[in-house]
Number of protein chains: 2
Amino acid sequence: MFGLRFFVDPRSALPIYQQLVNQIKAAAAGGLYPPGQQLPSVRELAGQLAINPNTVAKAFRILEEQGVIERRRGLGTFIAQKPAVAKDLTSLRIKLQELLVEAYHLGVGPQELRQMFETALNNWNKGKEEQRGKGN
Amino acid sequence: MFGLRFFVDPRSALPIYQQLVNQIKAAAAGGLYPPGQQLPSVRELAGQLAINPNTVAKAFRILEEQGVIERRRGLGTFIAQKPAVAKDLTSLRIKLQELLVEAYHLGVGPQELRQMFETALNNWNKGKEEQRGKGN
DNA sequence: CCAGGTGTACTACTATACTAATACAGTGAT
DNA sequence: ATCACTGTATTAGTATAGTAGTACACCTGG
């Protein structure tokens, strides 16, 4: 049903499983994979990407720990129903802080950064709406 | 002149040199180290942190590549004069994108995220002003 | 010139992260 | 019951990232 959604660079500095984690999280957040949607099996994905099933399984395990997906033995893995309502936003605050530091050293001021932020938000919403449209 | 500004956890998942890079970048962005300010020598820092001078040197090398500091043989290392005016903001855009994805999976909506963003910006400015005040 | 400070280059050890091979275990259709 | 599909556990090989030891090169003040 789905074509080759994911790709992987074995020579990247980022480990393969991490690349998968990132891509799947992004796909889910972008609405490409709605809640409840079944993902390809570990073997299928591994086959497409020419990697070991265990590597895919590792990515899935991490994603489950983060509440992004649910794994069911014998059935498959699925996008979690609800983006967990977070109690602990520490990690997010840290990432935000890191973003500000990075911006500073790139010479990007508060005003310009704010604009980039809004642009990113808009693009994200736009993407989700397009995805919704495909279902009609 | 400066007390123990930096600390390091050898058992952290992040390598020591990376911890140093992060802390020094944050310190520079926060105004703790104004442009031109000399940093502790590799041996001094290594001594304080009970690590190998080469590890500090590695952090310094990375920071120089990023334009944060300048190293001068026989003299020392110093905070770069100007936060380089960035031509390539790709890395920043990627980090921003990752932030949105992260926020989504934590159940943080656009509105709430925007608020966190503004808060972080304010805190950052506040911090810099306090730092400026210490010089008077 | 020399001494004592700076950063730097080279080499090598070692822990472990990453991946893979293989076998195990749950589910559902036939 | 069996089969064909799911995910899971265990083990092990291997590349390499991280760190450290040691020696080198540069600068400045005496």
Side-chain angles (χ1 to χ4, degrees), chain A residues 1-2 5-24 28 33 36-81, chain B residues 1-2 5-24 28 33 36-81:
Chain A
M1 176 176 185
F2 291 102
R5 277 263 161 52
F6 304 111
F7 61 97
V8 128
D9 177 13
R11 322 183 331 161
S12 166
L14 274 82
I16 299 176
Y17 76 89
Q18 188 63 54
Q19 297 179 45
L20 270 181
V21 167
N22 293 343
Q23 286 180 45
I24 293 173
Y33 282 98
Q37 169 74 49
Q38 181 166 11
L39 290 164
S41 76
V42 289
R43 284 174 185 80
E44 189 181 340
L45 248 186
Q48 290 178 359
L49 301 172
I51 60 179
N52 191 284
N54 268 328
T55 304
V56 179
K58 184 173 187 177
F60 282 5
R61 180 171 51 70
I62 293 173
L63 287 166
E64 184 170 65
E65 287 168 356
Q66 299 187 358
V68 176
I69 66 177
E70 290 176 16
R71 301 180 291 172
R72 293 197 227 130
R73 229 197 173 100
L75 294 179
T77 73
F78 308 81
I79 301 291
Q81 282 306 331
Chain B
M1 176 177 184
F2 291 101
R5 276 264 160 52
F6 304 112
F7 61 97
V8 128
D9 176 13
R11 321 184 329 158
S12 166
L14 273 83
I16 298 175
Y17 75 90
Q18 188 62 52
Q19 297 179 43
L20 270 181
V21 167
N22 293 343
Q23 286 181 45
I24 293 173
Y33 282 96
Q37 169 74 48
Q38 181 166 11
L39 291 162
S41 77
V42 289
R43 285 174 185 77
E44 188 181 343
L45 247 186
Q48 290 178 0
L49 302 173
I51 60 180
N52 191 284
N54 268 329
T55 303
V56 179
K58 184 172 187 177
F60 281 5
R61 180 172 51 70
I62 292 173
L63 286 166
E64 184 171 63
E65 287 168 357
Q66 299 187 358
V68 177
I69 65 177
E70 289 176 17
R71 301 180 292 172
R72 292 194 229 135
R73 231 195 168 99
L75 293 179
T77 73
F78 308 82
I79 300 291
Q81 281 305 329

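Treat the numbers as computed from the prediction; the structure is a model and nothing was measured. Residue numbering restarts at 1 for every chain, and letters A, B, ... go by the order of the sequence lines.
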B/R73: partners by side chain to side chain contact (heavy atoms under 4.5 Å, CB included), with sequence neighbours left out: none
Could you work out, with side chain to side chain contact (heavy atoms under 4.5 Å, CB included) as the rule, every residue matching A/T55, not counting sequence neighbours?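 Side chain to side chain contact (heavy atoms under 4.5 Å, CB included) list for A/T55, sorted by chain: A/I16, A/Y17, A/I51, A/N52.
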Rounded to whole angstroms, how far apart are [atom1] on [X] and [atom2] on [N]?
X     : N      : atom1 : atom2 : answer
A/Q19 : C/dC18 : CD    : P     : 11 Å
A/E44 : D/dA4  : CD    : P     : 18 Å
A/E65 : D/dG7  : CD    : C1'   : 15 Å
B/I62 : C/dG7  : CD1   : C1'   : 16 Å
B/F78 : C/dT6  : CZ    : P     : 11 Å
B/L20 : C/dG7  : CG    : C1'   : 16 Å
A/L45 : D/dG7  : CG    : C1'   : 13 Å
A/R61 : D/dG7  : CZ    : C1'   : 13 Å

Protein proximity profile, nucleotides 19-30 of chain D - base contact B, sugar-phosphate-only contact S, no contact -, cut-off 4.0 Å on heavy atoms: BBBB--BBSS--
N or O in side chain of B/R71 less than 4.0 angstrom from C/dT8 OP1/OP2: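 For B/R71, the contact criterion (side-chain N or O under 4.0 Å from OP1 or OP2 of C/dT8) is met.
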Look at the side chain of B/E64 and the backbone N and O of B/R71, then say whether any donor-acceptor pair between them is shorter than 3.5 Å. yes
Please answer whether the main-chain N or O of B/F78 pairs with a side-chain N or O of B/Q37 as donor and acceptor at a distance below 3.5 Å. no
From A/T77 OG1 over to A/R72 CZ, what is the distance, rounded to the nearest 0.5 angstrom?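 Rounded to the nearest 0.5 Å, the OG1-CZ separation comes out at 9.5 Å.
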Compare all side-chain heavy atoms of A/Y33 with those of A/L39 and state whether any distance is below 4.5 angstrom.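 In short, these two side chains touch, coming nearer than 4.5 Å.
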